[in-house]
Amino acid sequence: PAVVLFITQYGGFFLPNTSAPPETAPRLRVLTHNLASQRADPDRVIALIGGADADIIALQELLTPTADVLRAALTAEYPYQALHPNDAYARGVGIFSRFPISEDTYLDEILLGGQVTRIAFAEGMITVVNVHPVPPQWWGGFNTARRSAEIAIALAAADSARDPLLLVGDFNTTDQTEDYARITRVYGDAFRSSGGGLGPTFPNMGGWSSELGFVPPVLRIDYVFYDAAWSAVEASVINDSGGSDHYPLVAELALIAAR
């Protein structure tokens, strides 16, 4: 019965993506990665970014020392940068881009950071919202109210965009929650649409203890969401965490329409 239940509920996640956007549609590769503040190894992060060959890199938990190292190493490949490093635990965010950034607004209503960035792409503009809502509160009972409020702020920022939109980051929510359902009532989930398997991104137990490095991640909480202007082509979780407790997610999307 357990096997039947698993196949019934999750079997479709292992089927190949059969949607095919027009070959002429411009393609964009996006990577999102929570650097886990003090834990990430900048040299490993640089290597995994190079291997991902993404056009836009969205980072969370970006510290000033890490930002300085990444800026120096990535400027040639990603000359356009909108970085908001913060040395208070877990609050920095930033975007590296191969395409010009024309606007960037920090979302200080989100405790762990967020930003709305407009980027020139395919003879037009796109908007990328990079956010890190807080995790559920565990003390005094399980409580998701603050996370839900911050996801509402992220959705409001996304809904006000006038360009084709991507909403990315560490959302600290699984796809079994009402918060996820609120997002996907409006936006597509790139991994669910075009990835294979369950796609867990958290936790990398080896980022906390070398003795636990054999334990696989179990939760999918890092996402690339997209509006109707895009079609998801493929998505995958990179199996090198860069020393973080999160694994990076990379997605390729095709721009199929104006918003």
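Atom set for the values below is all heavy atoms of this structure, side chains included, hydrogens, waters and symmetry mates excluded.
Atoms CG and CG, on Leu165 and Asp159 in that order, are 8.0 Å from each other to the nearest 0.5 Å. Summarising the geometry, atom CD1 belonging to Ile119 is positioned 8.5 Å from atom OG1 belonging to Thr127; distances are rounded to the nearest 0.5 Å. Note: Arg118 CZ to Arg162 CZ = 3.5 Å, rounded to the nearest 0.5 Å. Distance check, rounded to the nearest 0.5 Å: CD of Gln115 to CD1 of Ile110 gives 10.5 Å. Remark: Asn34 CG to Leu59 CG distance equals 9.0 Å, nearest 0.5 Å. In this structure, Asp170 CG and Ser244 OG are separated by 9.0 Å, a value rounded to the nearest 0.5 Å.
Sorted by first and then second residue, the pairs that involve residues 30-89 and meet ring-ring contact (aromatic ring centres under 6.0 Å, His included), not counting sequence neighbours, are His84-Tyr106. Listed by first then second residue, pairs satisfying salt bridge (charged side-chain N to carboxylate O under 4.0 Å, His left out) with a partner in residues 56-65 number zero, not counting sequence neighbours.
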List the steps, then state whether side chain to side chain contact (heavy atoms under 4.5 Å, CB included) holds for Gln137 with Phe142.
CA-CA 6 Å; Gln137 174 184 306; Phe142 186 76; over 6 Å; no
Side chain to side chain contact (heavy atoms under 4.5 Å, CB included) between Leu167 and Leu155, worked out:
CA-CA 8 Å; Leu167 173 61; Leu155 286 172; 4.1 Å; yes
Run the side chain to side chain contact (heavy atoms under 4.5 Å, CB included) check on Val128 and Val168 step by step: do they pass?
CA-CA 7 Å; Val128 179; Val168 308; 4.2 Å; yes
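For the pairing with Phe96, the side-chain contact (heavy atoms from CB on, under 4.5 Å) check across Leu31, Leu70, Asp55 returns one residue only, Leu70.
Both Tyr223 and Val116 belong to a common hydrophobic cluster when Ile, Leu, Val, Met, Phe, Trp and Tyr are linked at side-chain heavy-atom distances under 4.5 angstrom. Hydrophobic clustering, with ILVMFWY side chains joined whenever heavy atoms are under 4.5 angstrom apart, keeps Leu83 apart from Ile56. With hydrophobic clusters built from ILVMFWY side chains whose heavy atoms lie under 4.5 angstrom apart, Leu249 shares a cluster with Leu28. At a threshold of 4.5 Å between side-chain heavy atoms, the hydrophobic network of Ile, Leu, Val, Met, Phe, Trp and Tyr places Ile57 and Leu48 in one connected group.
Across all their heavy atoms, Pro217 and Tyr247 have their closest contact at CG-CE1, 3.9 Å. Shortest non-hydrogen contact noted between Leu198 and Arg220 is O-CD, 3.2 Å. Closest of all the heavy-atom pairs between Ala122 and Leu255 is CB-CD2, 4.1 Å. Closest approach of Thr32 and Gln60 over heavy atoms only: OG1-NE2, 3.1 Å.
Taking the six-membered ring where tryptophan is involved, the planes of Phe121 and Phe99 are perpendicular, since the angle between them exceeds 60° and thus also 30°. Relative ring orientation between Phe225 and Phe171 is described as perpendicular, the plane-to-plane angle rising above 60° on a 0-90° scale split at 30° and 60°.
Looking only at atom types and distance, the side chain of Glu252 has no donor-acceptor partner in the side chain of Ser194 under 3.5 Å away. With 3.5 Å as the limit, one finds no donor-acceptor pair spanning the side chains of Gln81 and Ser97.
Thr174 pairs by the side chain to side chain donor-acceptor pair (under 3.5 Å) definition with nothing, not counting sequence neighbours. Every residue two or more places apart in sequence or in another chain that forms a side chain to side chain contact (heavy atoms under 4.5 Å, CB included) with Ala254 is listed here: Pro21, Ala25, Arg27, Val233, Ile256. For Ser148, the side chain to side chain contact (heavy atoms under 4.5 Å, CB included) test picks out Thr144, Asp179, Arg182, with sequence neighbours left out. Applying the side chain to side chain contact (heavy atoms under 4.5 Å, CB included) test to Ala40 and every residue at least two apart in sequence or in another chain returns Leu35, Val45.
Between Ile221 and His246, the closest side-chain pair of non-hydrogen atoms falls below 4.5 Å. Counting heavy atoms from C-beta outward, Tyr180 and Asp189 have side chains that approach closer than 4.5 Å.
Taking the charged nitrogens against the carboxylate oxygens, Arg98 and Asp53 do have a contact shorter than 4.0 Å, which makes a salt bridge.
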